[in-house]
S.K.: 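Have a look at the structure that comes next, please.
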Amino acid sequence: MQSENRIFDDFVKFVNGAAGTMAGMAREGEAAARERFKGFVGGMDFVARDEFEAVKAMAAAARDENETLKARIDALEARLGAAPAAAPKAAKPRKKPGA
C-alpha cells in the first residue's frame, strides 16, 4: 500500500507544479498582452477625457463669444445705417523675388 501512496503523492506534486507553472505563464502572458495593447493604443494619438472636455468647453465659449460679437456688429451696422459688409476677399499670393 505504501508504494501506491507514493505514486499518488508524486502525481499530486506533479499536478500542483504544473498548475503553478500554468498560472505563472498565464500571468506573464496577460502582462505582455497588456503592455502590447498599451503600446498599440498609445501610438494612436488618443486624447484623455479631461483634455477633450477642456477643449470642448473652450470651443463652446468661443462660439458664444462669436455670437455676441456678431450681434454687436449687427447692432452697430444698424445704428450706422450701413449695409452688412461683404466677406473680405482673399489676398492674392505674392510672387517670390527672382521667381
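Both backbone and side-chain heavy atoms feed into the values below; hydrogens, waters and symmetry mates do not. Heads up: numbering here begins at 1 and tracks the sequence.
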S.K.: Rounded to the nearest 0.5 Å, what separation is found between the NZ atom of Lys56 and the CZ atom of Arg49?
M.R.: 6.5 Å
S.K.: Could you grab the distance from atom CD of Glu30 to atom CZ of Arg27, nearest 0.5 Å is fine?
M.R.: 9.5 Å
S.K.: Let me see the working for Arg63 and Glu67 under salt bridge (charged side-chain N to carboxylate O under 4.0 Å, His left out), right down to the final yes or no.
M.R.: CA-CA 6 Å; Arg63 197 176 311 114; Glu67 290 173 4; over 6 Å; no
S.K.: Could you grab the distance from atom CG of Asp74 to atom NZ of Lys70, nearest 0.5 Å is fine?
M.R.: 4.0 Å
S.K.: Side chains of Asn16 and Lys13: closer than 4.5 Å at any heavy-atom pair?
M.R.: no
